Amino acid sequence: YEELGRKPEARAAFARVYEMDRSYKDIRNLLRESYELLTDDDLAEELNRMGKDEFTDLAVSIVSKLGYQMTSVGTVNDTDIKVNGKQEETGAKDRMALVYFNRGGEVDVGELAIRTFLIECEGTRIEYPIFFTTGGFSFEAQLKAKDHRLRLMPRREFCEIIRLTRSGL
């Protein structure tokens, strides 16, 4: 597949081999390189095609990479996932986070979606809300987030954290 330029199929084949035998030749490096070479657009498209279970597994891995221990996972609809996490602090109360993963972003996430997410965070006493999207955020959404300590992660940052997560194979 790789020699034919069929990168998605090559990456899928590398992943299958890696799952079966992690010590096989240079499979770890081949898999890592195949993800590093993806453009943000290619990676976002891959996310949009993922099944719900695969996307959920990736979301949980990202939350872990961010330093949070997952406490619960919920699906919002066919495309979006929410992960609750906590970060244990020595001598202090745990830091609670709610991480929202939005995909299929043809249009920027708007102020209404951000306001709805923030209301949920306030109702559950979430101190560290994070919102990932494969698209972008409207100007109004960015202003609302800035006023409420909401960390926005548009396509570029989302893709970068995916690369970092996957490079830890």
Side-chain angles (χ1 to χ4, degrees), residues 7-9 11-12 14-16 18-19 31 34-36 38-87 94-169:
K7 294 176 185 175
E9 291 98 334
R11 195 171 26 268
F14 294 153
R16 284 192 302 276
Y18 183 77
E19 286 177 20
L31 186 56
S34 73
Y35 284 119
E36 289 172 356
L38 281 175
T39 66
D40 289 351
D41 289 342
D42 291 340
L43 192 50
E45 184 58 36
E46 181 183 315
L47 292 174
N48 294 336
R49 285 193 315 265
M50 275 184 186
K52 192 178 350 181
D53 291 341
E54 186 180 3
F55 187 58
T56 300
D57 290 344
L58 177 61
V60 169
S61 296
I62 289 171
V63 169
S64 176
K65 184 74 171 178
L66 293 172
Y68 292 96
Q69 178 184 16
M70 190 246 337
T71 58
S72 68
V73 177
T75 55
V76 179
N77 51 44
D78 289 342
T79 58
D80 298 353
I81 306 284
K82 285 189 294 188
V83 180
N84 283 294
K86 70 177 181 177
Q87 197 172 47
D94 294 342
R95 296 173 64 179
M96 301 305 292
L98 180 60
V99 186
Y100 194 99
F101 294 89
N102 165 265
R103 61 185 173 150
E106 298 293 321
V107 198
D108 286 349
V109 173
E111 189 263 345
L112 178 60
I114 295 301
R115 187 172 354 128
T116 303
F117 180 63
L118 287 168
I119 289 169
E120 180 179 356
C121 290
E122 289 170 7
T124 54
R125 299 178 192 262
I126 298 296
E127 302 169 75
Y128 302 96
I130 306 169
F131 199 111
F132 285 89
T133 184
T134 56
F137 296 96
S138 71
F139 180 72
E140 294 81 10
Q142 292 176 46
L143 289 176
K144 187 76 170 172
K146 186 176 181 181
D147 291 342
H148 291 85
R149 292 181 45 198
L150 168 58
R151 185 173 170 193
L152 298 180
M153 303 292 280
R155 175 180 286 190
R156 180 180 299 128
E157 286 84 358
F158 193 1
C159 291
E160 189 56 36
I161 194 76
I162 290 169
R163 287 183 188 96
L164 291 172
T165 300
R166 288 180 168 169
S167 70
L169 295 172

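The structure presented is a predicted model; accordingly, all values stated were derived computationally and were not measured. Both backbone and side-chain heavy atoms feed into the values below; hydrogens, waters and symmetry mates do not.
To the nearest 0.5 Å, the span separating CD on Glu122 from CD on Glu127 amounts to 12.5 Å. Note that the CG atom of Asp147 and the CG atom of Leu118 stand 9.5 Å from one another [nearest 0.5 Å]. To the nearest 0.5 Å, atoms CE (Met153) and CG (Asn102) are separated by 14.0 Å. One distance of note links CG of Asp80 with OG1 of Thr133; it measures 8.0 Å at 0.5 Å rounding. One finds the CD atom of Gln142 at 8.0 Å from the CG atom of Asp108 (value rounded to the nearest 0.5 Å). Expressed to the nearest 0.5 Å, how far CD of Glu111 lies from OG1 of Thr116 amounts to 8.5 Å.
For Arg149, the CZ atom sits in a loose shell: 12 or fewer heavy atoms of surrounding residues, nucleotides or ligands are nearer than 6.0 Å.
Cys121 approaches Leu98 most closely through the heavy-atom pair SG-CD2, 3.9 Å. Counting all heavy atoms, side chain and backbone alike, Arg103 lies closest to Thr79 at NE-O, 2.9 Å. Across Gly136 and Pro154, no two heavy atoms sit closer than the pair CA-CB, 4.3 Å. When all heavy atoms are compared, the tightest approach of Leu150 to Pro129 is CD1-O, 3.3 Å. Summarising the geometry of Ala141 relative to Leu152, their closest heavy-atom pair is O-CD1, 4.2 Å, with the distance given to 0.1 Å.
A salt bridge links Glu120 with Lys82; the closest basic N to acidic carboxylate O contact falls under 4.0 Å.
In this structure, a donor-acceptor pair under 3.5 Å is absent between the side chains of Thr71 and Asn84.
In this structure, Ile62 and Val99 have side chains that are not in contact, with every pair of non-hydrogen atoms separated by 4.5 Å or more.
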May I have the step-by-step check of side-chain contact (heavy atoms from CB on, under 4.5 Å) for Asp40 and Arg163, ending in yes or no? CA-CA 10 Å; Asp40 289 351; Arg163 287 183 188 96; 2.9 Å; yes
Chi angles and distances behind the side-chain contact (heavy atoms from CB on, under 4.5 Å) call for Leu164, Glu160: CA-CA 6 Å; Leu164 291 172; Glu160 189 56 36; 4.2 Å; yes
Applying side-chain contact (heavy atoms from CB on, under 4.5 Å), run through Arg115 and Lys144 and close with a yes or a no. CA-CA 7 Å; Arg115 187 172 354 128; Lys144 187 76 170 172; 4.0 Å; yes
Please determine whether side-chain contact (heavy atoms from CB on, under 4.5 Å) holds for the pair Val109 and Ile114, giving the CA-CA distance in whole Å, both sets of side-chain angles, and the decisive distance to 0.1 Å. CA-CA 8 Å; Val109 173; Ile114 295 301; 4.0 Å; yes
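Listed by first and then second residue, the ring-ring contact (aromatic ring centres under 6.0 Å, His included) pairs involving residues 129-150 are Tyr100-Phe131, Phe101-Phe132, Phe117-Phe131, Phe131-Phe137, Phe132-Phe158 (not counting sequence neighbours).
For Arg151 (side chain) and Ile130 (main-chain N/O), no donor-acceptor pair under 3.5 Å exists by modelled atom type.
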For a quick test of your reading: what N or O donor-acceptor pairs under 3.5 Å do the side chains of residues 51-58 make, sequence neighbours left out?
unit_1	atom_1	unit_2	atom_2	d
Thr56	OG1	Lys52	O	2.8

